[in-house]
*Asks:* 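Dropping a structure here in structure tokens format, bear with me for questions.
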Protein chains: 2
Amino acid sequence: MKEIFAGGAPPAPAALAAKVRTLAPSMTRSMQRVAEAVAGDPAGCAALTVTGLAELTGTSEATVVRTARLLGYPGYRDLRLALAGLAAHQQSGRAPAVTADIAVDDPIADVVAKLAYDEQQTLADTAAGLDTVQLGAAVAALAAARRTEIYGVAASGLVAQDLAQKLLRIGHVAHAHSDPHLAVTNAVTLRAKDVAIAITHSGSTGDVIEPLRVAFEHGATTIAVTGRPDGLVSAYADHILTTSTARESELRPAAMSSRTSQLLVVDCLFVGVAQRTYETAAPALAASYEALAHRHRNG
Amino acid sequence: MKEIFAGGAPPAPAALAAKVRTLAPSMTRSMQRVAEAVAGDPAGCAALTVTGLAELTGTSEATVVRTARLLGYPGYRDLRLALAGLAAHQQSGRAPAVTADIAVDDPIADVVAKLAYDEQQTLADTAAGLDTVQLGAAVAALAAARRTEIYGVAASGLVAQDLAQKLLRIGHVAHAHSDPHLAVTNAVTLRAKDVAIAITHSGSTGDVIEPLRVAFEHGATTIAVTGRPDGLVSAYADHILTTSTARESELRPAAMSSRTSQLLVVDCLFVGVAQRTYETAAPALAASYEALAHRHRNG
DNA sequence: GTCACCTCTGGAAGGTATTTTCAGGCCGGG
DNA sequence: CCCGGCCTGAAAATACCTTCCAGAGGTGAC
């Protein structure tokens, strides 16, 4: 019995097609049919059992196993695993054109992929563009603050609320305002040692700038979270945190990516404050979980 | 030779780690050990037989098979194939860069990097784990809806508001409710052709389940956006959209990544509806920009 | 505290897939 | 025409996967 060893190489990576071509001359006719099928449709063959592949190629199980051996695998089982890997690999190769804008007739799966990709991109941009010195200063101010007021309207208003919710959970006195009148009324009461945060993508939202200006003039420490650091809001901000500005399109309003960006900044502020006030933050967070437990029903 | 083709959803793509995290809470201890091993070292596990994996995890073959089933595969054999594919996949896209948890003494720059990475991961997991058929059905229901009511409390409440805001901007009648009493009162008024959406990470938030149940019983089409598709909320949902569940830590509450995940899902719903109602959505969106222009000051 | 019930779990039986064995057939050479 | 070697596939043997079942462990009710 002659054993043909296909080189001392380990099983085989993704270069299966090449290996098939190299070894084809040393194969018998039946084995060539099997090898051909395998190289031609890895994904399809990975779904077949040894019997199935034998039938497909008009050969026998024994031949399939022999072919697998010749290709360098211990048996068909391992060839099949490699085939599955190869299939996954070359599927990942054909990357969908996620860079394109979302079109009206895009299938829903593409919409998901494109949105996810864009938001990931926004996060990366934001992280890269965030000034850690400014962020550190903002965190320090927040951690030392007696109370914190956060101003934002529309989409930014939700970000403001998000931050307020989280700060409250670690025992930090914070409140979000969406009503411009109440916001100004509130800003008047601020003093030194208080912090005011304005969140506005455009940097020119009057309803948010106004309360920040008032807070600034009353001596509070002011922070602006904005996509336009050159905007009007910056005039009244001690610390400016820049969010990224992604391109928008008809079907994807700017609010979408600015929100993602703002939330990351706000999360950073939160975690930074939690770090600095860990002694009180950790128990407060635990207590808030505890307090809400009974509001969840167990099935 | 028996070939069994399951008519339902396709087994599962490369979103295995996400699926493990999503389903982990509904798993038994032994199954969790298996799932953990599988998610932690796909390549290694792909090389093991049922018996091998059972020994490695200190469980039995039966448990391994049960876990494979729970993850959506017909049996261990298919899980193993998927694992091989996943291994090949993540080898090509090298650098898994497992981020450490955020520590109390992490410098602020690390906090930014880790948070950004985690949220990106959450987005990828969510996109991979989202059932596009369910999503499509939900979009269709929304697009045809007379009006839409969205229920969510705390962090999920903000997501609910975000969706409502956006739908309103394209001329879709939508409203978000955070007050449980008002939500139930509101749900009572729903009929067929109306849509109710419940957003809850835990899937067991009574204050949100209750209005959805009422809406469901009054004949409205109901949608659940939840991280626990096996939760109580699903009992009253016509369509279930699963958000991803990321590990949380002391300094990084679950609310953070669940929010990111929920927002992506909600964005997909929005864009889907905008596509389907493009004729009215596009002008409405343009008009909303127009209407807000004067609220921005030019410097 | 005890009991009943339900769920989880692993051992072992049962089935399927893979591997090995082996005998028959094809083909070229004598 | 006969012989010998090699290829080939059927079937046995084995390994692997799946299913079934009974015991263990925990939980809630009384």
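Proteins come first, then strands; the chains are lettered A, B, ... in the order of their sequence lines, and each starts at number 1. Treat the numbers as computed from the prediction; the structure is a model and nothing was measured.
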*Asks:* Taking the side chain as every heavy atom from C-beta outward, state whether B:Asp267 and A:Glu119 have any pair of such atoms under 4.5 Å apart.
*Replies:* yes

*Asks:* Would you indicate, yes or no, if C:dC8 has its OP1 or OP2 atom less than 4.0 angstrom from a side-chain nitrogen or oxygen of B:Thr28?
*Replies:*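 Negative; the distance criterion is not met.
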
*Asks:* From CG of A:Leu70 over to C1' of D:dC7, roughly how many Å is that when rounded to an integer?
*Replies:*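 Spelled out: CG on A:Leu70 to C1' on D:dC7 is 14 Å.
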
*Asks:* Round to a whole Å and report the spacing from OH of A:Tyr76 to P of D:dC16.
*Replies:* 17 Å

*Asks:* Return yes if the base of C:dG10 and the side-chain atoms of B:Arg66 contain a donor-acceptor N/O pair under 3.5 Å, otherwise no.
*Replies:*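 Such a pair exists between side chain and base.
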
*Asks:* Which whole-number value in Å describes the distance from B:Leu53 CG to C:dT9 C1'?
*Replies:* 16 Å

*Asks:* With heavy-atom distances below 4.5 Å as the criterion, would you say the side chains of A:Ile170 and A:Phe270 are in contact?
*Replies:*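 A:Ile170 vs A:Phe270: side chains touch.
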
*Asks:* Check B:Asp118 with B:Lys114, please: is the shortest side-chain N to carboxylate O separation under 4.0 Å?
*Replies:*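 So B:Lys114 does not pair with B:Asp118 through a salt bridge.
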
*Asks:* Please report the C-alpha distance between B:Thr260 and B:Ser257 in whole Å, then the side-chain angles of each, then the deciding distance to 0.1 Å, and finally whether the side-chain hydrogen bond (donor to acceptor under 3.5 Å, both in side chains) criterion is met.
*Replies:* CA-CA 5 Å; B:Thr260 300; B:Ser257 76; over 6 Å; no

*Asks:* Check the phosphate of D:dC17 against B:Arg80, side-chain N and O only, distance under 4.0 Å to OP1 or OP2. Yes or no?
*Replies:*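 So the side-chain polar atoms of B:Arg80 do come within 4.0 Å of the phosphate oxygens OP1 or OP2 of D:dC17, strictly under.
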
*Asks:* Expressed in angstrom and rounded to an integer, what is the separation of A:Glu55 atom CD from C:dA17 atom P?
*Replies:*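 It is 11 Å, rounded to the nearest whole Å.
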
*Asks:* B:Thr63 side chain N/O closer than 4.0 Å to the phosphate oxygens (OP1, OP2) of C:dG10?
*Replies:* yes

*Asks:* Return the value, rounded to whole Å, for the distance between atom CD of B:Gln32 and atom P of C:dC8.
*Replies:*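 Answer to the nearest Å: 11 Å.
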
*Asks:* Can you name the nearest heavy-atom pair linking B:Leu83 to B:Pro42, along with the distance?
*Replies:* CG-O, 3.6 Å

*Asks:* Scan nucleotides 11-15 of chain D against the protein and return all N/O pairs shorter than 3.5 Å with their distances rounded to 0.1 Å.
*Replies:*
none

*Asks:* Can you find a heavy atom in the side chain of B:Ile102 that is under 4.5 Å from one in the side chain of A:Gln275?
*Replies:*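 B:Ile102 reaches A:Gln275 side chain to side chain.
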
*Asks:* Give every residue pair that meets the salt bridge (charged side-chain N to carboxylate O under 4.0 Å, His left out) criterion with at least one member in residues 218-236 of chain B, sequence neighbours excluded.
*Replies:*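 Found B:Arg228-B:Asp230.
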
*Asks:* In whole angstrom, give the distance that lies between atom CE of B:Met31 and atom C1' of C:dG10.
*Replies:* 14 Å

*Asks:* Of B:Val65 and A:Arg29, whose closest DNA chain D nucleotide lies nearer the 5' terminus?
*Replies:*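 Closest to the 5' end, via its nearest nucleotide, is A:Arg29.
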
*Asks:* Less than 4.0 angstrom between a side-chain N/O of B:Ser30 and OP1 or OP2 of C:dC8, yes or no?
*Replies:*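 It does not, given that no N or O in the side chain of B:Ser30 lies less than 4.0 Å from OP1 or OP2 of C:dC8.
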
*Asks:* On DNA chain C, compare the nucleotides closest to B:Gly58 and A:Gly75; which residue's is nearer the 5' end?
*Replies:*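 Its nucleotide being nearer the 5' end, the pick is B:Gly58.
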
*Asks:* Check the distance between D:dC6's P and A:Met27's CE and give it to me in whole angstrom.
*Replies:*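 For the pair A:Met27 CE and D:dC6 P, the rounded distance is 19 Å.
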
